[in-house]
2 protein chains.
Amino acid sequence: MNLKQLSDILGLSQTTVSRALNGYPEVSEKTRIKVQTAAKAHGYAPNTKAKSLATGRSMAIGHVIPLSQNHEMVNPVFSDFIAGAGEIYSENGYDMLLSVVKDVDESQSYRNFASKRSVDGVIVHGPRANDPRVKLLLDLGLPFVVHGRMPNDTDGYSWVDMNNKSSFERATGLLLDLGHRNIALLNGVEVMDFAIRRRAGYEAALIARGVTPNPAHITAGDMTEHYGYQNALEMLRSATPPTAFLTSSYLIAIGVRRAISEMGLTMGRDVSVVTHDDDLSYLRNGGNIPLFTASRSSVRDAGKRCAEVLINHIKTGDKTPHQELWEAELMLGESTCTAPT
Amino acid sequence: MNLKQLSDILGLSQTTVSRALNGYPEVSEKTRIKVQTAAKAHGYAPNTKAKSLATGRSMAIGHVIPLSQNHEMVNPVFSDFIAGAGEIYSENGYDMLLSVVKDVDESQSYRNFASKRSVDGVIVHGPRANDPRVKLLLDLGLPFVVHGRMPNDTDGYSWVDMNNKSSFERATGLLLDLGHRNIALLNGVEVMDFAIRRRAGYEAALIARGVTPNPAHITAGDMTEHYGYQNALEMLRSATPPTAFLTSSYLIAIGVRRAISEMGLTMGRDVSVVTHDDDLSYLRNGGNIPLFTASRSSVRDAGKRCAEVLINHIKTGDKTPHQELWEAELMLGESTCTAPT
DNA sequence: CGATTCTTTCAAAGCGCTTTGGATGCACAG
DNA sequence: CTGTGCATCCAAAGCGCTTTGAAAGAATCG
């Protein structure tokens, strides 16, 4: 069933039917109703391709998911972000186009989006140091919003980010207040902007209290349970074990907990843990009192907001950068206690 | 840059340029080279919409992600599946279209895919008991492949599934061999096909050895860490605590481990745990010896295979159902031991 | 009642591509 | 030299929609 067939059935021109369905005022209410009911009855829906060819808007947003060759990890945060963004897309009639590519081909993916005209805009995930994507997209003239931001270059484009620095500064501050002086940081890979800023916050808090960061207690890596376990175990076995851990993800924190209990210690009594919590739907920091003390910021909400900002750029054509910095909440859980004396 | 402009530059007709780029034989090698280099030089890529309007194929595969209103969980398995499927799509020139919708609108999403002609086929995720989607898609005539299969209706459509029943039968058998008679099952929601089959496998193994399944030791629910923790804790505190746990996901198993250690017990010594492991990239059952004894089957590989099967259906137009049943491997880890006597 | 305006409808062009059904030129055989 | 076959290339139609510019019909007004 296409427009022509439908209009033939109705005895109307394609113009009128199209206008009736798209809510244009040049059509009488009576015929509009007639057209709409006929469309529903015959299960008519305009062909997306034809529509976007005619309008020049593709009504789709692109996301590029890089698959790194070496460490084959998919970002666990991704599914919740997508869920948030996708909800907004659906509400606004946009499709979501995912492009899964080897990370070396990432730039090409964005170029393709632009030259093939397959999307009206893109979301940029996981900005890194020296990330070429922002410049590329500005050159291509493709509307975009970054989830996060660039380490050294935060102007001239739209982003939605949480305040990684202040959030880790506060988390570190909390541990310092509890008397900890030997605080380990299990961070993400420190080419990622969020990891760079978190470390900066952590170090700033320590230095502000006259504590010198201990390189042996700072690690960076893929944020898995095993990473948390492995590194925490090594540190706990060392001559000067940390009394508290600050971790960049919930999964790392779970690994740290395993290491703690394997050492015969108890989390929240012998050793403290504070983690960042992306509030992922399948990794809820649940219970009446949260398991972990955590700085929390919902990735799903970030997805929603990024989508809204991008759609607004596309709809209005307004290119002036829109930037939002969210403060994470610091939630007290069962994993923190005063430092052993 | 579009076809017309490119062909004007080249002094050739659009026909010839199109044919040169699409590898048709009616064009001389000399001009083909000329066209190809010019296309690359000017960064020409055919407009997707125009192309698929002309060809009738949209070169996109649809995935519907339902967001349930009540329990707002996004399937953690999803991102790895997508990564696998997306890799195959990219290699074959297909786009991936994601539709995130409230679960009540799920059917409508598939209808839209069909009537709007936005995709050439779809992947069906997480088949359930009485799932209307298979019938709907058959009626719509839209090519599809199910990841998993229907509980009572496994014929007449394509699917790629792992043998949930045999895998849980074997896992249960392993625990029985180790002397356990009090084996708990922490399953997923038992409207999901995989959960139904896993329970069947578990019960079959018990009954085959003359052990009566204990309803108090069987639970079903959202597969989170907290769910595993909560239920394992309750069972361990009961009068007749299980000596072994069988869990449907890695996250549940992590929760069970927490409950075990909170009871002052040690996993793999006092209490055994066997889990199913989807081999998710961010939840690796890592280490030299895996932490958990597990039945393992890669969701990412399943994504790849589903994509291949679907693309084959689309390309060849062959509608004969293709069905694959994979056996999971049973990996011995550190979480199992003989039953306490 | 005729002129004017507004409302409602339509025919046709155009979006950028593919593809059908010719054309054109050339080599070769008769 | 003419006809045949083949290799190249092209003009134009068509995919299903939107949208411009115009026309027809209804309503308003002096």
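The chains referred to below are lettered A, B, ... by the order of the sequence lines, with proteins before strands, and numbering in each begins at 1. Computed from a prediction, not measured in an experiment: that's the story for all the values here.
- A 4.5 Å side-chain heavy-atom check between L325(B) and W159(B) finds at least one atom pair inside the cut-off.
- Protein atom CZ of R57(B) is 20 Å distant from nucleotide atom P of dG14(D), rounded to whole Å.
- One atom, CG of L12(B), and another, C1' of dT24(C), lie 15 Å apart when rounded to the nearest Å.
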Check against salt bridge (charged side-chain N to carboxylate O under 4.0 Å, His left out), R305(B) and D301(B): CA-CA 6 Å; R305(B) 193 66 193 124; D301(B) 288 346; over 6 Å; no
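- An OP1 or OP2 oxygen of dT8(C) is reached within less than 4.0 angstrom by no side-chain nitrogen or oxygen of Y24(A).
- Between M1(A) atom CE and dC17(D) atom C1' the separation is 15 Å, expressed in whole Å.
- Looking at R32(B), its side chain does come within 3.5 Å of a backbone N or O of Y24(B) through a donor-acceptor pair.
- Without hydrogens or angle criteria, D8(A) side chain to Q5(A) main chain gives no donor-acceptor distance under 3.5 Å.
- At a threshold of 4.0 angstrom between heavy atoms, the contacts of S28(B) are confined to the sugar-phosphate backbone, with no base atom among them.
- Distance from the side chain of E26(A) is smallest for dT8(C) among the nucleotides dG16(D), dC9(D), dT8(C).
- In this entry the distance linking CG of L3(A) with P of dG14(D) reads 18 Å, nearest Å.
- Across all strands, T15(A) comes closer than 4.0 Å to base atoms (heavy-atom distances).
- Listed nucleotides dC17(D), dT18(D), dT19(C) differ in distance to S18(B); the shortest reach to its side chain belongs to dT19(C).
- Put simply, N22(B) has a side-chain N or O that comes within less than 4.0 Å of OP1 or OP2 on dT18(C).
- Spacing between atom CG of L21(B) and atom P of dC17(C) amounts to 10 Å, rounded to whole angstrom units.
- When heavy atoms are screened at a 4.0 angstrom cut-off, T31(B) is found touching the sugar-phosphate backbone but no base atom.
- Regarding R117(A), its CZ atom lies at a distance of 11 Å from the C1' atom of dG16(C), rounded to whole Å.
- Taking atom NZ of K34(B) as the reference point, atom C1' of dT8(D) lies 12 Å away to the nearest angstrom.
- Distances were taken from every side-chain heavy atom of Q14(B) (C-beta onward) to each of dT18(C), dG16(C), dG16(D); the shortest belongs to dT18(C).
- For dC17(D), one of the phosphate oxygens OP1 or OP2 lies less than 4.0 angstrom from a side-chain nitrogen or oxygen of Y44(A).
- Listed pair K4(A) / dC17(D) fails the phosphate criterion, with no side-chain N or O lying under 4.0 Å from OP1 or OP2.
- Side-chain contact of N112(B) with Q108(B): a donor-acceptor pair under 3.5 Å is present, judged by distance alone.
- One finds a side-chain N or O of T16(B) lying less than 4.0 angstrom from the OP1 or OP2 phosphate oxygen of dC10(D).
- When each of V27(A) and R19(B) is assigned the nucleotide of DNA chain C with its nearest heavy atom, V27(A) is the one assigned upstream, toward the 5' end.
- Considering only side-chain N and O atoms, N2(B) lies under 4.0 angstrom from the phosphate OP1 or OP2 of dG16(C).
- Closest contact between the side chain of S13(A) and the listed nucleotides dC10(C), dC15(C), dC9(D) involves dC10(C).
- In this entry the distance linking CG of N47(B) with P of dC17(D) reads 17 Å, nearest Å.
- With the nearest nucleotide of DNA chain D identified for both R32(B) and L53(A), R32(B) has the one nearer the 5' end.
- Note: H63(A) and Y89(A) have perpendicular aromatic rings, judged against thresholds of 30 and 60 degrees for the angle between ring planes.
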